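To find a chain, count down the sequence lines: A is the first, B the second, and so on, and within it residues start at 1. Since we're looking at a predicted model, the values are computed, not measured.
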Amino acid sequence: MSPLTHCPADTLVVLDFETTGLSPNQGDRAIEIGAVKLHRGEVVDRFSQLMNPGFRVSGFIESYTGITNGMLAGAPGCGEVMAAFADFIDGCNLVAHNASFDQRFLDAELAAIGRDYAGDFVCSMLLARRLYPDAPNHKLGSLVAYRGIRHDGVFHRALADAQMTADLWLAMLADLASGRDMTTPHFALLKKLSRTPKAQLTRVLASLD
DNA sequence: TGCCAGGCCCTCTTTAGGGCCTT
């Protein structure tokens, strides 16, 4: 059976975690997952859920995310939420901003419940560094402003950040498609571009023409 | 008591160091 049997190749999930800190290896856990499922550039589904990590989050995290210990007290545990999320992604390819961060938490939280995923990860930040080298910086909020993407002013909440990342992804796809036949998702191509050394980028982009 | 991430990228590099980005 193909790993993408349940999730077509032209469907991908853009996701974002809010967490208790920076490293699952240091005991940090996820506290919120938000995701937008895109099919041929259109939003077809969303996933948004707080989850209780089993301990109190720091004041910094409460302030940074707006997610309070009170909000988490009534939330389901990480295992229950992540099981549902594993069903949601179900073989889809995945996109996140600074994907190495979200991938670490996805790996850790799914491993904790004996689940896995089959899709491939691409990092929107690495791709943005290639496509927008003149941006002030490559933080998600800065890129959204740089590219003129509309948003609702909510930052550092999982679904809002996932939606902005999805919009940034589609904007980058549109910029790449300018003058090119890019009617298909080209997920593998975008992953290749995001990891192309700077010195080779011009040649790779030229190969698309 | 003090410390505590990790992958990618650039450069004053490659026998390394430091900034960026995520919470």
Side-chain angles (χ1 to χ4, degrees), chain A residues 13-36 47-72 75 78 81-82 85 89 94-112 119-147 149 151 154-169 171-172 190-205:
Chain A
V13 171
V14 186
L15 65 94
D16 183 73
F17 277 105
E18 304 305 317
T19 71
T20 65
L22 293 173
S23 175
N25 288 337
Q26 300 293 317
D28 289 316
R29 300 293 303 271
I31 58 174
E32 187 179 42
I33 178 68
V36 175
F47 189 102
S48 179
Q49 183 63 58
L50 290 170
M51 58 190 113
N52 190 326
F55 55 88
R56 292 181 64 81
V57 303
S58 68
F60 170 79
I61 292 298
E62 285 189 312
S63 175
Y64 187 80
T65 64
I67 299 170
T68 66
N69 282 294
M71 293 163 67
L72 295 173
C78 295
V81 173
M82 292 308 299
F85 189 65
I89 59 178
L94 306 168
V95 172
H97 200 68
N98 197 15
S100 65
F101 173 86
D102 293 279
Q103 186 169 13
R104 283 199 301 276
F105 279 94
L106 182 63
D107 290 350
E109 294 293 353
L110 291 185
D120 199 4
F121 248 111
V122 167
C123 178
S124 57
M125 183 188 73
L126 294 182
L127 186 60
R129 282 178 173 170
R130 297 292 183 268
L131 296 187
Y132 309 131
D134 296 330
N137 58 60
H138 297 89
K139 296 177 183 178
L140 178 59
S142 299
L143 289 165
V144 165
Y146 179 78
R147 191 54 182 71
I149 293 169
H151 59 86
V154 176
F155 292 92
H156 305 308
R157 287 300 301 267
L159 182 59
D161 282 5
Q163 181 65 60
M164 283 189 287
T165 303
D167 290 338
L168 173 64
W169 176 264
M172 291 193 291
L190 293 172
K191 179 164 187 171
K192 178 182 179 182
L193 272 180
S194 75
R195 294 176 178 277
T196 298
K198 191 176 178 181
Q200 300 174 24
L201 190 61
T202 299
R203 181 175 58 79
V204 172
L205 285 170

Carboxylate-amine/guanidinium proximity below 4.0 Å for A:R157 and A:E18 | no
What class does the angle between the rings of A:F17 and A:F105 fall in, given that below 30° is parallel, 30 to 60° is tilted and above 60° is perpendicular?
-> tilted
Between B:dC12 and B:dG18 - P atom distance, rounded Å = 15 Å
Could you check which of B:dG6, B:dT22, B:dC9 has an atom nearest any side-chain atom of A:N25?
-> B:dG6
Does any non-hydrogen side-chain atom of A:R130 lie less than 4.5 Å from one of A:L126?
-> no
Nearest-angstrom distance, C1' atom, B:dC8 to B:dT13 = 15 Å
For A:F17, answer base if it contacts any base atom (sugar-phosphate contacts may also be present), sugar-phosphate if it contacts only those atoms, and nothing otherwise; contact means non-hydrogen atoms under 4.0 Å.
-> sugar-phosphate
Of all the choices, B:dC9, B:dA5, B:dT22, which nucleotide is nearest to the side chain of A:N98 once you look at every atom?
-> B:dT22
Provide the distance between the two C1' atoms, one in B:dT23 and one in B:dG7, to the nearest whole Å.
-> 16 Å
May I ask you to say what A:L126 touches in the nucleic acid, namely base, sugar-phosphate or nothing, with a heavy-atom cut-off under 4.0 Å?
-> sugar-phosphate
Please tell me which of the listed nucleotides, B:dC8, B:dC21, B:dT22, lies nearest to the side chain of A:D16?
-> B:dT22
Aromatic contact, A:H151 with A:F155 (centres under 6.0 Å) | yes
Identify whether any heavy atom of A:Q26 sits under 4.0 Å from a base atom; if not, whether one sits that close to sugar-phosphate; answer base, sugar-phosphate or nothing.
-> base
How many Å lie between CZ on A:F121 and P on B:dG6, as a whole number?
-> 17 Å
Would you tell me if any nitrogen or oxygen in the side chain of A:R130 comes within less than 4.0 Å of OP1 or OP2 on B:dC9?
-> yes
Does A:S23 offer a backbone N or O that forms a donor-acceptor pair with the side chain of A:D28 under 3.5 Å?
-> yes
Quick one: which of B:dT22, B:dA5, B:dC8 gets closest to the side chain of A:L140?
-> B:dT22
Report which part of the nucleic acid A:S194 touches: base, sugar-phosphate, or nothing (heavy-atom distance under 4.0 Å, all strands).
-> sugar-phosphate
Using the P atom on both, measure B:dC4 against B:dG19 and round to a whole Å.
-> 15 Å
Quick one: which of B:dG6, B:dT23, B:dC20 gets closest to the side chain of A:R129?
-> B:dC20
Looking at A:H138, does any N or O in its side chain come under 4.0 Å of the phosphate oxygens OP1/OP2 on B:dC21?
-> yes
Which nucleotide in B:dC9, B:dA5, B:dC21 has an atom nearest any side-chain atom of A:K139 = B:dC21
Span that lies between the P atom of B:dG2 and that of B:dG6, in whole angstrom = 23 Å
